[in-house]
Each structure stands twice: as C-alpha cells, then as structure tokens.
Amino acid sequence: MTDDTRAAAEELAERVRDGELRLHELEDHADADAAAAARRLLVEEWSGAPLDSVGDYGFAAEDADANIENMVGAVQVPMGVAGPVTVRGGSLDGERYLPLATTEGALLASVNRGCSVLDDAGGANARVLKSGMTRAPVFRVADVIEAEALVEWVRENRETLREAAEETTSHGELSEVTPYVVGSSVYLRFRYDTKDAMGMNMATIATRAACDVVEDETDASLVALSGNLCSDKKPAAINAIEGRGRSVTADVTVPREVVEERLHTTPEAVAELNTRKNLVGSAKAASLGFNAHVANVVAAMFLATGQDAAQVVEGANAITTAEVRDGGLYVSVSLASLEVGTVGGGTKLPTQAEGLDVLGVRGGGDPAGSNADALAEAIAVGSLAGELSLLSALASRHLSSAHAELGR
Ligand SMILES: CC(C)(COP(=O)([O-])OP(=O)([O-])OC[C@H]1O[C@@H](n2cnc3c(N)ncnc32)[C@H](O)[C@@H]1OP(=O)([O-])[O-])[C@@H](O)C(=O)NCCC(=O)NCCSC(=O)C[C@@](C)(O)CC(=O)[O-]
Ligand SMILES: NC(=O)C1=CN([C@@H]2O[C@H](COP(=O)(O)OP(=O)(O)OC[C@H]3O[C@@H](n4cnc5c(N)ncnc54)[C@H](OP(=O)(O)O)[C@@H]3O)[C@@H](O)[C@H]2O)C=CC1
C-alpha cells in the first residue's frame with residue numbers, strides 16, 4: 001500500500017467514525033483500494049482481527065467493482081492443476097491442464113490420478129447435450145379461469161414475448177416459455193440461449209421486459225421476477241430433469257489392465273460399488289446427487305475460473321454410471337445443470353481470467369457459446385476423473401489412508 005493510499009484510508013476511516021460517511025459510500029470519496037483499506041482499519045478496530053493477509057491482494061480493487069460491495073480485500077484459495085488430460089469434446093478438443101482451487105488435501109492428487117487414467121484410456125469423450133438459462137417469474141391471477149387465459153395468451157404470443165426479451169440483449173435468445181399453474185399462481189419458466197454468458201443477469205433483465213408485456217396485455221400481476229421454479233441456487237428436481245445452464249456428459253472405457261495397475265482395483269468392483277453407493281445409497285438417502293463427489297470438482301473449477309460459487313448447488317446435480325464392458329470399465333458422468341460462463345460475472349477478475357486461459361476458453365467463443373460449452377466439457381471431464389479415482393480408492397479401501405497422508 002502506498003503512503004497516499006494509507007493516508008486516504010485513515011481519513012476515510014475517521015469520517016466513518018464521525019458518522020459523516022457510511023461504510024458502503026467510501027468509493028464515492030476515494031479510489032477503491034483506499035476505500036477497502038479504510039474498511040479494513042475499521043473492521044480491525046471493531047473485531048480485533050488483523051486483516052493483513054486479506055489486504056494483500058494481487059489486483060486493483062476497482063477491477064472488482066461489479067463483483068462486490070463493501071470490499072475489504074480478498075480471500076485467497078490455493079489453486080493447482082490436474083492433467084494433462086485429453087478431452088474429445090464437441091467444443092473442446094485436445095490436451096488440457098484443468099485448474100482447480102480448493103483447500104481439501106488429496107483432491108488434486110485424486111483428480112490428477114483420474115486424468116492420467118483417462119489419458120491411458122485414450123482420453124475422455126464429452127458433449128453438451130442441452131443448453132439454456134431459465135428465469136421463472138410468478139404471477140397472481142384471480143382463479144383458474146384467469147390462469148387458463150394467461151397460459152393461452154402466452155402460447156399465442158410467444159413472438160411478442162421473444163421480441164420484448166431480446167430487445168434487452170444483443171447475445172441472448174429466448175428459446176421457450178413453459179407455463180406452470182398452482183391455484184392462483186402462474187409461473188412462466190423462460191429459457192434462454194445465453195451463448196458464452198452464464199446468463200443469470202441477462203435472463204433476469206430480459207424476463208423483466210417480457211413481464212411488462214404480460215402485465216400490459218393480460219389480467220395477471222407480477223408478484224416476483226423469480227418464483228423459485230427457475231430454480232437458482234436451491235436443490236431442485238426440475239433442474240435435474242429439465243436441465244439448466246449446460247447439460248453435459250463425459251464418458252470413457254478404461255481397459256482392465258489400466259484399472260488394475262493404476263487404480264488398484266477391478267472393473268467389477270467399481271461397477272458394484274457404483275451401484276450400491278451412487279445409485280442405491282443415493283436413492284435411499286433421497287439425494288439429488290447420484291455421484292460420489294462431483295461437487296468437489298465443480299466447486300474447485302468454479303473457483304478457479306470465476307463462476308458463481310453458489311451455483312455449485314445445481315452444478316453437482318449429476319449421475320455417475322459404471323459398467324463392465326468387454327472386460328474393461330465404462331464410466332460416465334452426466335451433469336444436468338452446470339451453469340457456466342466465460343464472459344461476465346467473476347470471469348474477468350485477473351486470477352480467474354488466468355484460470356480460463358489455462359483451458360484456452362476465456363471470453364466470447366467463435367461461434368458464440370462455444371467457449372462456455374468447452375468449459376462445461378472440461379468440468380465434466382474433471383468430474384469423470386474425480387469419480388474414477390474416488391470410486392477406485394473406495395473399492396481398494398484407500399480413502400482414509402489417502403486423506404490421512406495428504407489431507408492433514
Ligand atoms: C491419493 C491417491 C490419488 C493415491 O493413489 P495411489 O494410486 O496410491 O497413488 P500413486 O502414488 O501410485 O500415484 C498415482 C497417481 O496419482 C496422482 N497423484 C498421487 N499423488 C499425488 C500428489 N501428491 N499430487 C498430485 N498427483 C498425485 C498422480 O497422477 C499419480 O501418477 P504419477 O503421476 O505418479 O504417474 C488415491 O488414494 C485417491 O485418489 N484417493 C481418493 C481421494 C479423493 O478422491 N478424495 C476426494 C475427496 S473425498 C470427499 O470429499 C467426498 C466424500 C468421500 O465424502 C464423498 C463420498 O461420500 O463418497
Ligand atoms: N440477476 C440475478 O438474478 C442473478 C445474477 N447473478 C450474477 O449474474 C452474473 C452473471 O450474469 P451474466 O448475465 O452471465 O453476466 P453479465 O451480467 O456480466 O453479462 C454478460 C454480458 O456479456 C455480454 N456478452 C459479450 N460477449 C458475449 C458472448 N459471447 N456471449 C454472451 N454474452 C456476451 C452480453 O451482453 P448483451 O446482453 O448486451 O448481449 C451479456 O449480457 C454473475 O455475477 C452472477 O453472480 C447470479 C444469480 C442471479
């Protein structure tokens with residue numbers, strides 16, 4: 001921190017102590033780094049907690065202007081790489097290192113082992129099979145007669161809704177509007193092709209414009225722009241069934257000798273374990289995640305590439321299958337609702353942008369949407385590697401010893 005920044009921070013802090021400024025107004029009176037430093041001084045006074053590490057961040061605070069309010073600094077999460085791994089995707093083709101940020105020891109080692117096994121098997125396939133970001137406003141109607149009228153109006157006026165929504169964006173395209181009725185509440189689930197953006201801001205802004213038309217043209221009243229049938233940042237079966245963001249699958253067939261030599265187990269043992277754990281165990285638990293630890297890879301790659309961390313909730317909505325095939329081990333992972341972008345949100349922050357660069361997917365793709373598809377395929381392959389390695393560690397009874405050795 002320069003002397004000028006320190007002096008500006010001390011002056012700002014004094015003005016907050018005097019009640020002249022509120023904590024969130026400091027950027028109006030100084031640059032963003034001085035504002036963050038002033039907040040650290042005040043929080044240190046109030047809490048007694050030193051914030052030297054939090055204040056030691058490696059980017060200009062103003063770069064995070066659109067990402068955070070009341071900034072005091074940055075939390076740093078260690079980042080590593082797994083790979084290289086050969087991805088044979090629809091949009092990502094070739095060898096890549098996968099960037100992962102985590103605090104869980106043994107995770108990188110595990111994904112790294114999985115990647116080397118995928119490569120020994122000739123690489124992993126990956127495809128995005130469905131794509132679309134949803135926003136579902138809830139409207140109030142008088143009764144079921146009005147509900148039916150609204151549903152009918154929506155069916156007959158899709159083009160009007162599309163025009164209104166798409167006026168707000170040069171990239172987004174409205175692909176469908178699905179009505180759901182519950183008594184006097186009507187939910188319209190708008191789905192957009194958001195190209196390389198994760199698209200939650202884009203879809204929200206576009207849906208607001210469409211809702212104005214609905215209110216102008218029908219008797220329905222908008223209660224909330226998000227009616228939870230979207231469904232964002234909550235565990236929800238609708239995302240597992242209908243998809244949200246990217247629905248992406250990765251798979252591989254690993255030869256028997258590779259399973260035995262590299263994973264210390266057999267295809268039969270992994271297939272049985274997958275059925276009893278990921279399928280039957282998850283069913284008994286009424287889990288939405290029929291997998292071992294897809295959340296680990298989704299969270300670590302989300303942090304490394306600037307995705308919205310709260311969307312790990314639906315990103316981990318995945319089913320892992322395993323079967324013995326021609327003596328080898330076929331394994332697949334299908335992530336139903338992986339919400340990712342390579343533009344917007346946290347993707348432009350310097351460290352996260354470098355994470356995207358490691359994969360070669362930063363910014364807008366050509367054609368638009370192909371970079372976000374490629375990122376989804378990379379995360380699916382990382383998840384496949386993680387599943388292969390952890391299932392094998394469980395089958396060979398190495399889970400606790402691995403974590404005792406690497407994770408404490
Ligand atoms: C730890 C291993 C990989 C050892 O596995 P191993 O086969 O004994 O290790 P190895 O020393 O023979 O090395 C094999 C390969 O692993 C990788 N590897 C090995 N060590 C490292 C390292 N230090 N750094 C980077 N990569 C490493 C590396 O690719 C190496 O190949 P090489 O490059 O040497 O030819 C294995 O036991 C394992 O994968 N265990 C599983 C750990 C795991 O997946 N943890 C995930 C978190 S568990 C959790 O959070 C969720 C849970 C469990 O609660 C969910 C549930 O309910 O199921
Ligand atoms: N508003 C909400 O309810 C919620 C917001 N969020 C937050 O939303 C943010 C993500 O929203 P998102 O809409 O993705 O990002 P941004 O709001 O950052 O918008 C991204 C914009 O980038 C432009 N763009 C440029 N090139 C491309 C391209 N190749 N493909 C697509 N768009 C391109 C588009 O502009 P144009 O539209 O003009 O074409 C697009 O709207 C995150 O910060 C997340 O945390 C998360 C959950 C809910």
Side-chain angles (χ1 to χ4, degrees), residues 66-68 80-85 100 102 104-120 133 135 165-173 192-208 224-226 230 232-233 245 261-265 273-274 277-278 281-282 285 287 289 291-297 299-300 302 306-311 316 320 339-349 362-372 385-407:
N67 298 96
I68 189 138
V81 289
V85 59
L100 297 108
T102 186
E104 183 176 14
L107 178 61
L108 267 285
S110 180
V111 181
N112 203 29
R113 177 170 77 155
C115 285
S116 76
V117 167
L118 293 179
D119 254 22
D120 287 348
M133 179 46 75
R135 183 48 100 199
E166 290 183 11
E167 248 174 46
T168 67
T169 168
S170 56
H171 287 84
E173 292 168 12
Y192 298 88
D193 179 351
T194 59
K195 308 296 177 188
D196 292 301
M198 178 274 278
M200 206 54 278
N201 277 340
M202 183 199 279
T204 302
I205 293 164
T207 303
R208 170 71 225 213
L225 193 47
S226 168
C230 315
D232 196 41
K233 302 181 178 174
E261 279 164 30
R262 303 285 295 159
L263 297 171
H264 322 301
T265 183
L273 189 148
N274 189 72
K277 170 187 170 65
N278 285 343
S282 297
S287 173
N291 63 79
H293 70 145
V294 168
N296 263 336
V297 174
F302 268 31
Q307 309 305 308
D308 187 326
Q311 291 178 328
T320 299
E339 295 138 342
V340 290
T342 57
V343 301
T347 64
K348 64 183 188 318
L349 290 170
R362 188 211 291 215
D366 183 15
S370 58
N371 271 358
E387 291 294 276
L388 252 181
S389 185
L390 175 54
L391 291 176
S392 301
L394 287 164
S396 61
R397 306 191 180 187
H398 280 162
L399 179 67
S400 61
S401 56
H403 280 259
E405 193 180 321
L406 289 169

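Being a predicted model, the structure only gives us computed values, none of them experimental. We count ligands from 1, going down the list as the structure has it; atoms in each ligand are counted the same way. Atoms considered below: every heavy atom in the structure, side chains included; atoms not considered: hydrogens, waters and symmetry mates.
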**Prompt:** For ligand 2, is there an N or O atom under 3.5 Å from any N or O atom of G172?
**Reply:** no
**Prompt:** In this structure, which one of C115, S389, S392 forms a side chain to side chain contact (heavy atoms under 4.5 Å, CB included) with S110?
**Reply:** S389
**Message:** When you measure from the heavy atoms of G199 to every atom of ligand 2, does any distance fall below 4.0 Å?
**Reply:** yes
**Complete:** of all protein heavy atoms, closest to atom 23 (C) of ligand 2 is H171 ND1, 4.1 Å
**Short N or O distance, S170 and ligand 2, threshold 3.5 Å exclusive** = yes
Tabulation required: pairs of a nitrogen or oxygen in ligand 1 and a protein nitrogen or oxygen under 3.5 Å; columns are atom names and distance to 0.1 Å; otherwise 'none'.
from, atom 1, to, atom 2, distance (Å)
ligand 1, 5 (O), R113, NH1, 3.4
ligand 1, 7 (O), R113, NH1, 3.0
ligand 1, 7 (O), H264, NE2, 2.8
ligand 1, 26 (N), N112, ND2, 2.9
ligand 1, 31 (O), R262, NH2, 3.1
ligand 1, 35 (O), R262, NH2, 3.4
ligand 1, 39 (O), S110, OG, 3.2
ligand 1, 39 (O), R113, NH2, 3.4
ligand 1, 39 (O), S389, OG, 2.7
ligand 1, 44 (O), S110, OG, 2.7
ligand 1, 45 (N), H403, NE2, 2.9
ligand 1, 50 (O), E104, OE1, 3.3
ligand 1, 50 (O), E104, OE2, 3.0
ligand 1, 50 (O), N296, ND2, 3.0
ligand 1, 57 (O), K277, NZ, 3.3
ligand 1, 58 (O), K277, NZ, 2.4

**Asked** Below 4.5 Å, heavy atoms only, C-beta onward: do L391 and K277 meet side chain to side chain?
**Response** yes
**Prompt:** With a 4.0 Å cut-off on heavy atoms, does R135 reach ligand 2?
**Reply:** yes
**Message:** Heavy-atom distances under 4.0 Å decide this one: backbone, side chain, both or neither, for T194 against ligand 2?
**Reply:** backbone
**Prompt:** Judging by distance only, is a nitrogen or oxygen of T168 under 3.5 angstrom from one on ligand 2?
**Reply:** no
**Atoms of ligand 2 close to D308 [distance to a heavy atom under 4.0 angstrom, numbered from 1]** = 44 (C), 45 (O), 46 (C)
**Fill in**
atom 9 (C) of ligand 2 sits nearest the protein heavy atom N201 ND2, 3.4 Å
**Message:** Just to be sure I read this right, does ligand 2 sit under 4.0 Å from the backbone of T204, its side chain, both, or neither, counting only heavy atoms?
**Reply:** side chain
**Message:** Tell me whether A368 has any N or O atom under 3.5 angstrom from an N or O of ligand 2.
**Reply:** no
